[in-house]
Amino acid sequence: MTQRRSLPVPEGLDGLRLDAAISRLFGLSRTSAADLVQAGAATLDGNTTMKSERVTAGAVLEVELPDPDRSTLPVPTVVDGLTVLYEDDDVLVVDKPVGVAAHPSPGWEGPTVIGGLAAAGHRVSTSGAEERQGVVHRLDVGTSGCMVVAKSERAYTVLKDAFRERTVDKRYHALVQGHPDPMSGTVDAPIDRHPTSAYKFAVVAGGRDSVTHYETIEAFRHATLLDIHLETGRTHQIRVHMTALKHPCVGDVTYGADPTLSKKLGLERQWLHAVKLGFAHPDDGRWVEFVSPYAPDLQRALDRVAAWG
C-alpha cells in the first residue's frame, strides 16, 4: 500500500537537487528519495523528472510513499509533565520530562513528545517522516529539558539547517563522577554504534565526528557539575564522551556509572539535563533562548551530593 503526499518547496530548499529536496521534506534517506524519482513515484509540479533536477521555491513536490508501520505512528496521549515553554506560528519549545521519547520508534511503547502535543491540540509541521513530523532534534528518553519542535514547514527547513550547520546553542548540565582533569576542556572523538552492544554507542575510529566542550560549574567531594556545549548532536554523545574521560554521568549505569552511588542518590537515570536552547528564529532571524530548571529528581540528587561536601 502507498500514500500520496505533496508539499510546496520552501525557500530554504530553493536550488537543491530533486532527490535532496525530497529527502529533506519527507524524512527519507537520499538513496530512498533517488529510488522514488527513478521509479516515477515523485513529481515536480506534476511532471516526472531526473533526480538531479534543481527545484525552485513554491514548486509542488508530490511523492508516493509506502504506508508506514502503523505501530510506529504517533498516538495522541496526555503526557504528564510535558510543559510548553513557548509557542508561536512557527515553533514550539517544550520542557521534556524524563521517560518520554521525542517520537515513536520500533520497540518503544511509552509516551512521546509528538503524541503529547497532539493530545493537547498543538499543530506541528507535516515535514519529515510521518512518525516524527516536526521533530528537528531529539533528547534521549532518560534526558530531560529544552526541546524545539517545528510547527510550520518553513521552520522545519530552517531549523534542520541550523542544527546541521551547528548554529544552534545547545547547553546541558551534567553531574559526573569524580573530577575531570583538566576541569574544562574539549572532547573531540568520533562516535558510532558500540561494537558489541546493540543499544549503546562508543568512541570508534572512523565514526561520525563528535565534539563536546565542557566547563566545571562546581566540584564536590564525589562528583562534578559540568556545563556542556555541543557542537555536534550524536546519539548519546555526552554520555559516551564523559565515559571516554572516565567520568560517566552519575546514575548512567549503562555507561559504567557506579550503581551504588546512583542508589544512594535515588537516581534511576543519568544526571543530564538540557538546560538551555538558543537559535535564530526561523521567521525573522532574531536570536531566542529558552531555559529549563532541573527536574525534581536531579535537584534532589544534586542537593545530596552538595551536602556531602
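Since the model is a prediction, treat every value here as computed from it, not as a measurement. Hydrogens, waters and symmetry mates are skipped; everything else that's a heavy atom, side chains included, is used.
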Using only heavy-atom distances, determine whether the side chains of Thr235 and Arg138 contain a donor-acceptor pair under 3.5 Å. no
Classify the angle between the aromatic ring planes of Phe163 and His137 as parallel (below 30°), tilted (30 to 60°) or perpendicular (above 60°). parallel
Tell me whether Asp161 is salt-bridged to Arg164, with the criterion being a basic N under 4.0 Å from an acidic carboxylate O. yes
Could you tell me whether Arg234 and Asp209 have a side-chain N and a carboxylate O separated by less than 4.0 Å? yes
Decide yes or no on side chain to side chain contact (heavy atoms under 4.5 Å, CB included) for Arg17 and Arg54, but give the supporting numbers first. CA-CA 4 Å; Arg17 284 170 51 113; Arg54 300 288 172 172; 3.6 Å; yes
Mind checking whether [X] and [Y] have side chains closer than 4.5 Å, heavy atoms only?
X	Y	answer
Gln133	Ser127	no
Pro182	Tyr214	yes
Tyr156	Thr126	no
Met147	Val93	no
Val9	Thr56	no

Would you give the length of the straight line joining atom [atom1] of [X] to atom [atom2] of [Y], rounded to the nearest 0.5 angstrom?
X	Y	atom1	atom2	value
Thr254	Lys200	OG1	NZ	7.0 Å
Tyr255	Gln270	OH	CD	9.5 Å
Asp227	His213	CG	NE2	11.5 Å

I'd like to know if the side chain of [X] and the backbone of [Y] have a donor-acceptor N/O pair within less than 3.5 Å.
X	Y	result
Lys96	Val100	yes
His273	Val275	no
Thr243	Lys246	no
Thr216	Met183	yes

Candidate pair Arg208 and Ile191, rule side chain to side chain contact (heavy atoms under 4.5 Å, CB included), full reasoning: CA-CA 5 Å; Arg208 302 179 71 188; Ile191 291 176; 5.8 Å; no
Checking one residue: Trp287. Which other hydrophobic residues are in its cluster under the side-chain 4.5 Å linking rule? none
For the pair His122 and Leu92, evaluate side chain to side chain contact (heavy atoms under 4.5 Å, CB included) and give the outcome as yes or no after the intermediate values. CA-CA 9 Å; His122 296 283; Leu92 265 163; 3.8 Å; yes
Is it true that, when you exclude Asp89 itself, more than 12 heavy atoms of the residues, nucleotides or ligands shown sit nearer than 6.0 Å to its CG? no
Between Lys151 and Asp88, does the salt bridge (charged side-chain N to carboxylate O under 4.0 Å, His left out) criterion hold? Intermediate values first, please. CA-CA 8 Å; Lys151 288 184 63 178; Asp88 61 24; over 6 Å; no
